[in-house]
Student: 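Please read through the structure below; I'll follow up with questions.
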Amino acid sequence: MRYSQLFIPTMREVPSGINAISHILMLRAGYVRQLAAGLFIFLPLGWRVLNKINLILKEEMEKIGAQEISMPILHPAEIWQATGRWYTIKEEMFRLKDRTGRDMCLGMTHEEIMAWIASKEIKSYRQLPQIWYQIQTKLRDEARPRGGVLRTREFIMKDSYSFDADWEGLDRSYNLHAEAYHRIFTRCGLKYYQVESDPGIMGDLESHEFMAPTPAGEDDIVICESCGYAANIEVAKSEISTLLPSNLEYKEIYTPNKKSVKEVSEFLGLNEKYFIKTLLVISEKNGPVLVMLRGDQELNEKKLARIIGEFSFATPEQSLEILGVELGFVGPIGHKIKKIADLSIQKDITYVSGANKKDYHLQGIIPGVHFDAQWMDIRKVKEEDKCYKCGGSLKIEKAIEVGNIFKLGTKYTEPLHAYFLDKDGKEKPIIMGSYGIGPARVAAAAIEQNHDSDGIIWPKSIAPFDIEIIPLNMDDEKTVNIAEELYEKLGEIYNSFADRHIEVLIDDRDERPGVKFKDADLIGIPIQVIVGKKVLNENKIEIKKRRTKETKKVSVNKAVVEIINAYYETY
RNA sequence: CGGGGUGUAGCGCAGUCUGGUAGCGCGCACGGUUCGGGACCGUGGUGUCGGAGGUUCAAAUCCUCUCACCCCGACCA
C-alpha cells in the first residue's frame, strides 16, 4: 500500500501522563487512539496487526478441530441468572433493559451462551466432542482500565469452548488447547510462560495462564529456572529453609510500644524468623479468623481467601472488641475463634508472639502444644525461597496475561441442563472447558518485548507490513522509478513464511528523508528498503533490518532476491 | 471504592500563588529556499481557559459544586 493513502497519524511528542511503553508507542506510531477510559479505536495499522494475530489464531484453532461461530454480545438476563453469575458478578457487568423492561446484559464472556446452545442441540454422545470458538467483543465495566490496550472495558477476545462426554475427553481438549496456545504465542514472536493459575470465578478445577513477561504486566509470576515450575504468585508454592532449634523459656516479656515484628525483633535482638505474626481478619462467611505466619513471611491474600472466602483485615476497634487486645500485641494462644497457621511454622521449636496484653509479648511458644490451628499454605512466595519441586532457585517476574485455559467441568452445563445420552443410555452433563486469548494484549506484549528508543520492532509474523520501501528523493525520477519497480515486484512474491503474498508499504510521501526514517523506525516494519540518489549513483539500494539496524548495500539488479533473503533472515 | 494528580489551540506546555480581558514550541495553510535522520525564512488561521453557579467594575486566575482523564492501591471472566 501507499503511505500517502494510508492514515498513519504519527506523533513526535510523547503524550503526557501515560507510562506503559506499548501504550506510548501505539499512540505515537498511529496505531490506536483513545475514545474514553478503556475504549480504544484501532486505526489502519493497529487493525492490520490485530487481523494478523487473528489469522494466526484461526489457523491454529482450526488445526485442533475448532469451528468458528459467532454469538451475540447482548444477552438475556435469565441465562446468567441460571448459572448464578447474574448475582455473583457485581458492578463489572454492564446491565440494561430492553424496551419491554426485560433485564439484559452485555457479554463479559460466553460460557453461559455456549452452554445454552449446547443444551439445546447436543443430545447424544455421538455428537461429542465439539470445540466452538469465536473472535468476539467482550464488555466489562472495569474498575480501573489501564496500560492502554492492556485492560480495557471493551475488547476482542478469541474464546473457545470444548464439550466432552467424559473427563478424559476434557483432558484431551484442554491439552489440545495448551498445545495450540504454545504454537500461537511462538508464532506471534512472544516470550511467554505457561503458569499454574487460580481459576477465580470460572470454576474450581485446573487452569493455566499464558504469561508474557514485561515490566508493564499486571501479574507476578514465579518461575523455577531449573525444573520449569511456573505459577501465578496467587497460587505459587515454595520451600523455605527450616530453622535451627530454639529453646526459649516460656514467659512474658515487656515490650513497650513495640508492635510490628520488625520492632520487637530489633528490641529483643532475635531474628524475625523466630516470631509468629498473628493477624486478625474478618471473613464474610466465617466471621473473625486468627491467622498465623512466620515473622519473616507475608500473607498471600488469595490463598487465604480460597480457604475462608472474602475477608478484610480487622480494624483496631474490631481487635479490641473481638479479642480484647490492641493490634500489635495479639498472639495465637487462648482465643476461641477459628485459627489458620501457615505450614512454615515449625512445631518443634519455640517462637515469640503477642501476649494478648498491651506492651507484652510472649516467648517460648511451641506451636501445636500451646495452641493449635488449621495448618495450611497461606504464605506468599518470595524470590529467596526455593522451588518446592526441585529445590532450584526462583525468580519472580511481572507479566501480561495473554491467554488462559480453564477446565470447567459441569459448572455451566448442569445449571443450563446441557445433558446428553451416553452409550449406556444414561443422561449425563456435558463436560466443558473454556479457553481465551486477547489479541490486543498479544500486540501490546509484543511491543513491550520488542522495541527500542526509536519505536516498535514488530515480530515479522504480526507486523502490519512485511517490507517498507523508502524512496528518499521524490523529485528524482530514477529514485521513484526504481522504488516503484521494487514495490511492484516484491508485492507479487509469495511469502511462504506466512502462506500469503509479501505485503509492501511504499512511503511515497513528498517528505524529507529524515521524516521518513523517523516514521519508519517508529512504526516498526521489519525490513526497510532505502532508495536514494546518493547510493543509486553506485547503482545500489540499501536494505535495513529494523531489529538490528544492520544495513546492507546491494546492487539494483539483485535487489529483489536480497530483500527477500533479508526478510527471511529477520524474525 | 480509597489515595494522589491533571484539565488553557490538534499535540506538548507557560500563565493561576499576587484578578486587568490569553501566550510559547511543535503541527496546520500559503509562498520561497532546502532535501540521507523529525529543515529554514516569511505570512496566516486556530481557543465556549473541562462544565455550572457564585464573589467582583472586572475571573483562566478567588469560592462552591460537578464532570472527564491519568497514576498508585483495592478489584480484575
Side-chain angles (χ1 to χ4, degrees), chain A residues 9-20 23-24 27-28 30 33-39 80 83 85 88-94 105-114 136 138-148 150-153 155 157 159 161 197-203 207 209 217-219 232 234 301-302 305 310-313 400-401 403-406 408 411-412 434-438 441 453-455 470-476 479 509-522 528 530-537 541-542 544 549 551 553:
Chain A
T10 58
M11 296 192 281
R12 185 204 304 247
E13 291 182 82
V14 181
S16 69
I18 57 176
N19 47 18
H23 190 187
I24 293 169
L27 286 170
R28 284 196 59 212
R33 287 294 183 263
Q34 183 171 335
L35 205 215
L39 298 174
W80 286 80
T83 61
R85 288 162 112 192
T88 53
I89 298 172
K90 306 211 167 74
E91 307 95 320
E92 202 176 330
M93 183 187 276
F94 281 108
C105 65
L106 300 179
M108 309 174 62
T109 172
H110 283 78
E111 282 78 16
E112 275 79 359
I113 314 305
M114 285 280 177
Q136 180 62 286
K138 313 288 174 193
L139 291 118
R140 296 178 193 172
D141 196 358
E142 290 287 348
R144 177 146 99 88
R146 74 183 94 178
L150 284 178
R151 176 157 230 101
T152 54
R153 294 192 293 175
F155 59 97
M157 179 159 94
D159 49 327
Y161 303 83
S197 70
D198 181 0
I201 72 168
M202 297 297 297
S207 69
E209 290 164 334
E218 295 184 283
D219 292 282
N232 191 307
E234 295 173 0
E301 297 182 29
K302 292 275 177 183
E310 289 298 300
F311 68 90
S312 58
F313 290 97
I400 296 171
E401 180 187 354
N404 52 35
I405 53 180
F406 293 98
L408 301 175
K411 178 167 175 165
Y412 298 92
S434 95
Y435 317 90
I437 290 180
R441 285 187 173 186
S453 56
D454 291 312
I470 308 174
L472 294 181
N473 322 95
M474 293 305 289
D475 53 356
D476 180 56
T479 299
R509 294 175 300 168
D510 189 14
E511 284 287 357
R512 299 167 60 82
V515 172
K516 295 190 178 188
F517 286 135
K518 288 288 184 191
D519 279 340
D521 286 348
L522 230 201
Q528 296 173 14
I530 299 152
V531 185
K533 239 196 291 197
K534 198 172 87 188
V535 181
L536 225 39
N537 285 336
I541 55 109
E542 285 160 290
K544 182 177 139 191
K549 295 240 167 96
T551 303
K553 288 184 194 176

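Note that these values count all heavy atoms, side chains included, but never hydrogens, waters or copies made by symmetry. Letters go in sequence order (proteins before strands), and every chain restarts at 1.
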Student: Can you say whether a donor on the side chain of A/D521 sits under 3.5 Å from an acceptor on the base of B/rG37, or the other way round?
Tutor: yes

Student: Tell me, please, which residues at least two apart from A/F311 pass ring-ring contact (aromatic ring centres under 6.0 Å, His included).
Tutor: A/F313

Student: Ion pair present between A/K544 and A/D521, side-chain N to carboxylate O less than 4.0 angstrom?
Tutor: yes

Student: Please classify the nucleic acid contact of A/L522 as base, sugar-phosphate, or nothing, using heavy-atom distances under 4.0 Å.
Tutor: base

Student: Distances under 3.5 Å between protein N/O atoms and the N/O atoms of nucleotides 41-48 of chain B, please, pair by pair.
Tutor:
none

Student: Does B/rC30 have a Watson-Crick or wobble partner in any strand here, with both distances under 3.5 angstrom, and which is it?
Tutor: B/rG42

Student: Which base sits across from B/rG36 as a Watson-Crick or G-U pair, both distances under 3.5 Å?
Tutor: none

Student: Hunt down the Watson-Crick or G-U wobble partner of B/rG20, both distances under 3.5 Å, from any strand shown, or write none.
Tutor: B/rC57

Student: Any strand is fair game: report the nucleotide pairing with B/rA14 by Watson-Crick or G-U wobble, both distances under 3.5 Å, or none.
Tutor: none

Student: Please check if atom CG in A/D510 has more than 12 non-hydrogen atoms from other residues, nucleotides or ligands closer than 6.0 Å.
Tutor: no

Student: Any strand is fair game: report the nucleotide pairing with B/rA68 by Watson-Crick or G-U wobble, both distances under 3.5 Å, or none.
Tutor: B/rU6

Student: Is any N or O donor-acceptor pair between the side chain of A/K544 and the base of B/rG36 shorter than 3.5 Å?
Tutor: no

Student: Using atom C1' in both nucleotides, what's the gap between B/rU21 and B/rC57 to the nearest angstrom?
Tutor: 13 Å

Student: Using a 4.0 Å heavy-atom cut-off across all strands, classify A/E112 as base, sugar-phosphate, or nothing.
Tutor: nothing

Student: Under the salt bridge (charged side-chain N to carboxylate O under 4.0 Å, His left out) test, which residues partner A/K549, sequence neighbours left out?
Tutor: A/D452, A/D454

Student: At a cut-off of 3.5 Å, list every protein nitrogen or oxygen paired with a nitrogen or oxygen from nucleotides 67-71 of chain B, distance to 0.1 Å.
Tutor:
residue, atom, partner, partner atom, Å
B/rC69, OP1, A/A37, N, 3.1
B/rC69, O3', A/Q34, NE2, 3.4
B/rC70, OP1, A/Q34, NE2, 2.9
B/rC70, O3', A/G17, O, 3.4
B/rC70, O2', A/G17, O, 2.2

Student: When the P atoms of B/rA60 and B/rC67 are compared, how many Å lie between them, rounded to an integer?
Tutor: 23 Å

Student: Going by purine N1 to pyrimidine N3 plus the second Watson-Crick contact, or the G-U wobble pair, all under 3.5 Å, which nucleotide sits opposite B/rC49?
Tutor: none

Student: So does A/K302 get a side-chain nitrogen or oxygen closer than 4.0 Å to the phosphate oxygens (OP1/OP2) of B/rC76?
Tutor: yes

Student: Across the strands shown, which category fits A/R33 at heavy-atom distances under 4.0 angstrom: base, sugar-phosphate, nothing?
Tutor: nothing

Student: Can you find a side-chain donor-acceptor pair between A/E112 and A/T83 that sits under 3.5 Å?
Tutor: yes

Student: In whole Å, I'd like the distance from the CG atom of A/D510 to the P atom of B/rG36.
Tutor: 13 Å

Student: Mind checking the C1' distance from B/rA59 to B/rA22? Whole angstroms is fine.
Tutor: 13 Å

Student: Going 5' to 3' through nucleotides 23-33 of chain B, assign each nucleotide B (protein heavy atom under 4.0 Å from a base atom), S (under 4.0 Å only from sugar-phosphate atoms) or - (no protein heavy atom that close).
Tutor: --BSS------

Student: Consider the side chain of A/E142, meaning its heavy atoms from C-beta on, and name the nucleotide among B/rC76, B/rG36, B/rG37 that approaches it most closely.
Tutor: B/rC76

Student: Quote, to the nearest angstrom, the P distance that separates B/rU6 from B/rG15.
Tutor: 12 Å

Student: Measuring only the P atom in each nucleotide, how far is B/rG23 from B/rG45? A whole number of Å is fine.
Tutor: 12 Å

Student: In whole angstrom, give me the gap between the C1' atoms of B/rC62 and B/rC17.
Tutor: 11 Å

Student: Taking atom types as modelled, find out whether A/N232 and A/S197 have a side-chain donor-acceptor pair closer than 3.5 angstrom.
Tutor: no

Student: Starting at the 5' end of RNA chain B, which residue's closest nucleotide do you reach first, A/G532 or A/M108?
Tutor: A/G532

Student: What I want to find out is whether A/K411 reaches A/E111 closely enough, with some N-O distance under 4.0 Å, to be called a salt bridge.
Tutor: no

Student: Would you measure the distance from the P atom in B/rG42 across to the matching atom in B/rG36 and give it in whole Å?
Tutor: 23 Å

Student: May I ask you to check whether A/N404 and A/E209 show a side-chain donor-acceptor distance below 3.5 Å?
Tutor: no

Student: Test A/I470 against A/V531 for side chain to side chain contact (heavy atoms under 4.5 Å, CB included), laying out the working first.
Tutor: CA-CA 6 Å; A/I470 308 174; A/V531 185; over 6 Å; no

Student: Which sits closer to the 5' end of RNA chain B, A/K518 or A/D475, going by the nucleotide each is nearest to?
Tutor: A/D475

Student: Less than 4.0 Å between a side-chain N and a carboxylate O, is that true for A/R28 and A/E13?
Tutor: no

Student: Would you measure the distance from the C1' atom in B/rC13 across to the matching atom in B/rC49 and give it in whole Å?
Tutor: 14 Å

Student: Decide, yes or no, whether a salt bridge links A/D198 with A/K302 under the criterion of side-chain N to carboxylate O below 4.0 Å.
Tutor: no

Student: How many angstroms lie between CD1 in A/I530 and CD1 in A/I541, if you round to the nearest 0.5 Å?
Tutor: 9.0 Å

Student: Report the residues that fulfil ring-ring contact (aromatic ring centres under 6.0 Å, His included) with A/Y161, sequence neighbours left out, ordered by chain and then residue number.
Tutor: none

